[in-house]
Amino acid sequence: MSNTSKTKNQKPESPLKRGAKSYAMSAATFGIADMGETGRRVKNIAAALRKKRSYRVETFSQAVERQGLTEQHIVKRMREVKAAAELMAMFSAVVLILLIVAVISAWPFMVVSLLILVTMWAVLQMMVWRFRYD
């Protein structure tokens, strides 16, 4: 009976106060209440990373056979890759010369820094294409 008399004598909570209490409770229990879902997600990610992946191990001749390539296809692709490597080497040289001119001529810092980035990208791309050729 005492519980019913207390609830009758209390004023009903305003929607603003009820919303504030709800927000405070969710903020206070944010880390604790969602720990189960977070733990499950972390466990799923860890399990996916631990799975053994099967990698195909085959020789070059087996890969050629599987893809149905001829000697002409291989030679043509080697020429294409070598041409791309040489093109990137020329582009790298041009950009490097432009960078040296920019530094000597005291061009603005933004231009010089952009040229440094382009030079690094070009040199790395040249190395990638040369690696593919080799």
Side-chain angles (χ1 to χ4, degrees):
M1 282 199 152
S2 62
N3 288 340
T4 55
S5 62
K6 277 186 179 179
T7 55
K8 284 184 181 180
N9 293 337
Q10 288 180 343
K11 288 195 226 176
E13 287 184 343
S14 69
L16 181 62
K17 189 174 182 181
R18 197 171 38 245
K21 278 185 178 179
S22 172
Y23 180 77
M25 282 300 291
S26 66
T29 61
F30 176 73
I32 298 168
D34 292 332
M35 189 57 86
E37 180 68 22
T38 303
R40 193 172 329 115
R41 287 181 182 169
V42 169
K43 188 184 287 186
N44 290 342
I45 291 170
L49 291 175
R50 277 188 300 219
K51 283 184 182 176
K52 291 185 180 179
R53 293 180 178 92
S54 62
Y55 295 103
R56 179 184 305 193
V57 179
E58 62 184 356
T59 64
F60 182 75
S61 59
Q62 289 172 339
V64 168
E65 202 175 291
R66 179 176 51 86
Q67 294 181 1
L69 299 175
T70 63
E71 188 67 29
Q72 290 81 19
H73 288 114
I74 296 169
V75 170
K76 181 182 174 190
R77 182 63 182 155
M78 283 179 62
R79 285 187 192 139
E80 290 172 356
V81 171
K82 185 177 181 185
E86 291 171 350
L87 179 68
M88 288 308 299
M90 288 188 295
F91 182 70
S92 299
V94 169
V95 175
L96 185 60
I97 290 170
L98 188 60
L99 176 63
I100 292 169
V101 169
V103 170
I104 292 172
S105 301
W107 285 7
F109 175 75
M110 292 295 289
V111 174
V112 172
S113 62
L114 182 63
L115 284 172
I116 289 171
L117 289 174
V118 171
T119 303
M120 288 177 15
W121 175 82
V123 168
L124 291 173
Q125 284 297 311
M126 180 207 43
M127 291 170 63
V128 165
W129 283 104
R130 186 62 196 182
F131 177 77
R132 289 177 182 167
Y133 174 72
D134 288 339

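These numbers were taken from a predicted model, which means no experiment stands behind them.
Hydrophobic cluster membership is shared by V103 and M120, with clusters built from Ile, Leu, Val, Met, Phe, Trp and Tyr side chains linked at under 4.5 angstrom. Residues M90 and V128 do not share a hydrophobic cluster, defined by chaining ILVMFWY side chains whose heavy atoms lie under 4.5 Å apart. Note on I104 and L98: same hydrophobic cluster, where clusters join Ile, Leu, Val, Met, Phe, Trp and Tyr whose side-chain heavy atoms are under 4.5 Å apart, directly or indirectly. Linking Ile, Leu, Val, Met, Phe, Trp and Tyr residues whenever their side-chain heavy atoms come within less than 4.5 Å leaves V64 and V75 in two separate clusters. Clustering ILVMFWY residues whenever any of their side-chain heavy atoms sit less than 4.5 angstrom apart, transitively, puts F91 in a cluster other than the one holding L87.
Between V118 and the options V95, V123, L99, a side chain to side chain contact (heavy atoms under 4.5 Å, CB included) holds for only V95.
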Residues I116, V112; criterion side chain to side chain contact (heavy atoms under 4.5 Å, CB included); working and verdict: CA-CA 6 Å; I116 289 171; V112 172; 4.1 Å; yes
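At most 12 non-hydrogen atoms from other residues, nucleotides or ligands lie less than 6.0 angstrom from CZ of R79.
Distance check, rounded to the nearest 0.5 Å: CE of M126 to CD of E86 gives 11.5 Å. Summarising the geometry, atom CG belonging to D134 is positioned 11.5 Å from atom CE belonging to M127; distances are rounded to the nearest 0.5 Å. Interatomic distance, R77 CZ to R132 CZ, rounded to the nearest 0.5 Å: 7.5 Å. Considering CD1 of I97 and CG of L115, their distance stands at 12.5 Å, rounded to 0.5 Å. With values rounded to the nearest 0.5 angstrom, L69 atom CG is found 12.0 Å from S61 atom OG.
Here the shortest heavy-atom pairing between V81 and W129 reads CG1-O, 3.5 Å. Heavy atoms only, all atoms of each residue included: Q62 and V57 are closest at OE1-O, 4.4 Å.
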